[in-house]
> 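Handing you this structure, nothing more for now.
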Amino acid sequence: MNKQDSTAIRNFYNTSLLKGKSYAWLDHLSNQIGARLSGSLNAQKAVEWTEQELKEVGLDKVWLQSVMVPKWTRGVTEFAYIETEPGQTTNVPICALGGSVPTPIGGVKAEIVEVKGLEDLRKLGTSNIEGKIVFYNRPMQADLINTFEAYGGCVDQRYSGAAEAAKFGAVGVIVRSMNLRLDDFPHTGTMSYGDLTDLEKIPAAAISTNGAELLHSMLTLNPNIKFLINMNCRTWKDVESFNVIGEITGSEFPNEYMVVGGHLDSWDLGDGSHDDGAGVVQSMEVLRLFKETGYKPKRSIRVVLFMNEENGLRGGKKYAEVAKNKAENHVFALESDAGGFTPRGFSFDCNDENFTQIQSWKPLFEPYLIHYFAKGGSGADIGPLKKDGIVLAGLRPDSQRYFDYHHAKNDTFDAINKRELELGAATMASLVYLFDKYGVQ
């Protein structure tokens, strides 16, 4: 670590902030293409456009990696209301959870039973749940500074809620949105029916946090109110899609591979600017910054734009499978999938020796207010690459606003701050540069 490193990192930040392309790229991805759910026409448009953009950067190789992905469509906009007595209804905002079955034509209307989590179902038993709609109303824990920890503390009710409620005879579930803010945006996300048969599956929807608060209040006043859900979603046969991959071939160790990436797919309600358009364009920008500043990496650096992180992780699994079959030696991977907010640092999945080296680089990042270096998780798409000797890392932006937008209709380009996005790209380039120069321990 020397003055040369400080100069190189300074160049990455200068170039990103003064001549960056990440913001313009994201503008196109969000506003000209839009939502990119796996298997959709827009997902294919995003594949074709990012492939062309990476070719224009002048990388040594750009190619598409075929992967079969799920195809699920939302259909006509969902509809729901609370019925206090016949003819007296109050509409509330809901959205189908990704992978949900539809309701019967005309919807499902039933009494509501409110629970705080999966464990409450067992306490209530079939006699209290059968024929009813289960309302999961456990909020994210607001006093946790790490909002991803708060998300992890209640996301099981979204993922497994329908499968568990169906076992007790429920006819549907609604889940409080994974959102720390009170607003009218329901947040979708993937869910699973586990080993349920098609006949046992029940419809599952998210309700906005304001809607959840209203429903809770109305249930407190009258436990016999009813709730109607009407959804037209559908699951289709798997279809072909692609990971988009670009590479700068290493000058000294071309058979040692380093990956930087994000996921190209998004949910279908907004345009996926934070989740994960930001990570896509930041990862593309890392390689462009290397080209723009004249840095020639020792190792082969790949940008991988993974398909189907949101509802299947097929792209990440496919990339790792191909790498293993080809006996490719991956030594480092960095993922950006936590929004385009101000970068704070990184989390690392690595051994103690590598973490000691990482900590020695902290002074290089301090001028840019990057201070968070912690052992922990990395990213969903690079997780399948895990093996002895590899360092996995995740960019960690400030997380306080992330779940205001996550999987919701308001995850749009106007929620992106240009400077924050560009700082993230430069921060990622700096870490990749250091691992390329000094290697993995």
Side-chain angles (χ1 to χ4, degrees), residues 26 30 35 37 92-98 116-117 135-161 174-191 204-216 262-263 265-280 282 309-311 335-345 347 372 374 376-381 394-417 420-421 424:
L26 187 56
S30 299
L37 190 57
V92 286
I94 67 158
C95 66
L97 295 179
K116 291 298 183 184
F135 170 36
Y136 290 99
N137 191 31
R138 183 163 82 252
M140 291 175 67
Q141 191 174 333
D143 59 349
L144 292 174
I145 303 304
N146 180 349
T147 62
F148 282 85
E149 185 181 351
Y151 175 75
C154 59
V155 75
D156 60 343
Q157 59 190 337
R158 186 195 76 200
Y159 186 76
S160 303
I174 50 173
V175 183
R176 183 189 182 98
S177 288
M178 308 291 114
N179 180 9
L180 283 157
R181 185 170 70 174
L182 290 175
D183 62 26
D184 294 317
F185 295 106
H187 293 228
T188 191
T190 194
M191 50 84 67
I207 185 171
S208 71
T209 48
N210 274 342
E213 292 290 296
L214 175 64
L215 180 56
H216 169 75
H263 65 86
D265 63 307
S266 76
W267 283 108
D268 57 322
L269 296 176
D271 60 44
S273 287
H274 276 296
D275 187 20
D276 185 29
V280 164
Q282 287 173 329
E309 186 272 347
E310 292 292 6
N311 58 337
E335 184 168 337
S336 172
D337 185 18
F341 300 101
T342 302
R344 299 297 191 202
S347 61
Y372 180 80
S378 54
D381 279 309
L395 179 70
R396 292 292 167 249
D398 186 283
S399 71
Q400 302 311 315
R401 290 169 289 154
Y402 182 63
F403 291 98
D404 293 355
Y405 305 101
H406 182 250
H407 297 177
K409 188 177 181 179
N410 60 339
D411 183 7
T412 50
F413 184 69
D414 62 300
I416 296 288
N417 178 278
E420 292 178 338
L421 184 74

> Please round to the nearest 0.5 Å and tell me the distance separating atom CG of Asp337 and atom CD of Glu335.
5.0 Å

> Regarding Asp414 and Thr412, do their side chains bring together a donor and an acceptor under 3.5 Å, going by distance alone?
yes

> If only atom types and distance count, is the side chain of Thr188 paired as donor or acceptor with the main-chain N or O of Ala96 below 3.5 Å?
yes

> Are the side chains of Arg176 and Met140 in contact, using a 4.5 Å heavy-atom criterion?
no

> Mind checking ring pair (Phe, Tyr, Trp, His ring centres under 6.0 Å) for Tyr136 and listing every partner two or more places apart, or none if nothing turns up?
none

> Taking ring pair (Phe, Tyr, Trp, His ring centres under 6.0 Å) as the test, write out the residues that go with Phe135, two or more places apart.
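Scan of Phe135 (ring pair (Phe, Tyr, Trp, His ring centres under 6.0 Å), adjacent residues dropped) gives none.
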
> How long is the span from the CG atom in Asp276 to the CG atom in Asp265, to the nearest 0.5 Å?
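Here the interatomic distance stands at 8.5 Å.
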
> Test your reading of the model: is there a side-chain donor-acceptor pair from Glu310 to the backbone of Gly98, 3.5 Å cut-off?
no

> Is there a donor-acceptor contact under 3.5 Å from the side chain of Ser177 to the main chain of His187?
yes

> Using the rule given for side-chain contact (heavy atoms from CB on, under 4.5 Å), can you reason through Phe341 versus Asn417, listing the C-alpha separation, both sets of side-chain angles and the distance that settles it, and then say yes or no?
CA-CA 7 Å; Phe341 300 101; Asn417 178 278; over 6 Å; no

> Would you say the side-chain atoms of Asp411 pair up with the backbone N or O of Asp275, donor to acceptor, closer than 3.5 Å?
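Yes, the answer is positive, given that a donor and an acceptor are paired below the 3.5 Å cut-off.
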
> Taking Gln282 for the side chain and Gly340 for the main chain, is one N or O donor matched with an acceptor at less than 3.5 Å?
no

> Can you check side-chain contact (heavy atoms from CB on, under 4.5 Å) on Leu269 and Cys95, steps first, answer last?
CA-CA 9 Å; Leu269 296 176; Cys95 66; 3.9 Å; yes

> Name all residues meeting the ring pair (Phe, Tyr, Trp, His ring centres under 6.0 Å) criterion together with Tyr159; count only those two or more places apart in sequence or in a different chain, and write none if there are none.
none

> Does Lys409 use its side chain to pair, donor to acceptor, with the backbone of Phe185 at less than 3.5 Å?
no

> Do Leu215 and Val92 have side chains that get closer than 4.5 Å, going by heavy atoms?
no

> Answer yes or no: is there a side-chain heavy-atom contact under 4.5 Å between Met178 and Cys154?
yes

> Supply the atom-to-atom distance Asn311 CG to Leu97 CG, rounded to the nearest 0.5 angstrom.
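One gets 12.0 Å once the value is rounded to the nearest 0.5 Å.
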
> Can you tell me how far the OG1 atom of Thr342 sits from the CD atom of Gln400, to the nearest 0.5 Å?
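Thr342 atom OG1 to Gln400 atom CD measures 11.5 Å (nearest 0.5 Å).
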
> Check Tyr405 against Asn410 and note the closest heavy-atom contact, atom names and distance.
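Residues Tyr405 and Asn410, closest heavy atoms: CD2-O, 3.3 Å.
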
> At their closest point, which heavy atom of Leu395 faces which heavy atom of Ser336, and how far apart are they?
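Looking at all heavy atoms of both residues, the shortest contact is CD2-OG, 3.8 Å.
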
> Does either side chain, that of Ser273 or that of Ser30, offer a donor lying less than 3.5 Å from an acceptor on the other one?
yes

> Measuring from Ile174:CD1 to Ile207:CD1, what's the distance to the nearest 0.5 Å?
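Taking CD1 in Ile174 and CD1 in Ile207, the distance rounds to 4.5 Å.
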
> Supply the atom-to-atom distance Thr209 OG1 to Leu180 CG, rounded to the nearest 0.5 angstrom.
9.5 Å

> Work out which heavy atom in Ala415 is nearest to a heavy atom in His274; give both atom names and the distance.
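Closest pair (atom of Ala415, atom of His274, distance): O-NE2, 3.0 Å.
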
> Can you name the ring pair (Phe, Tyr, Trp, His ring centres under 6.0 Å) partners of His406, sequence neighbours left out?
Tyr151, Tyr402, Phe403

> Would a distance-only check, ignoring hydrogens and angles, find a side-chain to backbone donor-acceptor pair under 3.5 Å from Asp381 to Gly262?
no

> Taking only residues at least two apart or on different chains, which pairs with a member in residues 140-159 satisfy salt bridge (Lys or Arg N to Asp or Glu O under 4.0 Å)?
Arg138-Asp156

> Going by side-chain hydrogen bond (donor to acceptor under 3.5 Å, both in side chains), name the residues that satisfy it together with Glu309, two or more places apart in sequence or in a different chain.
His263

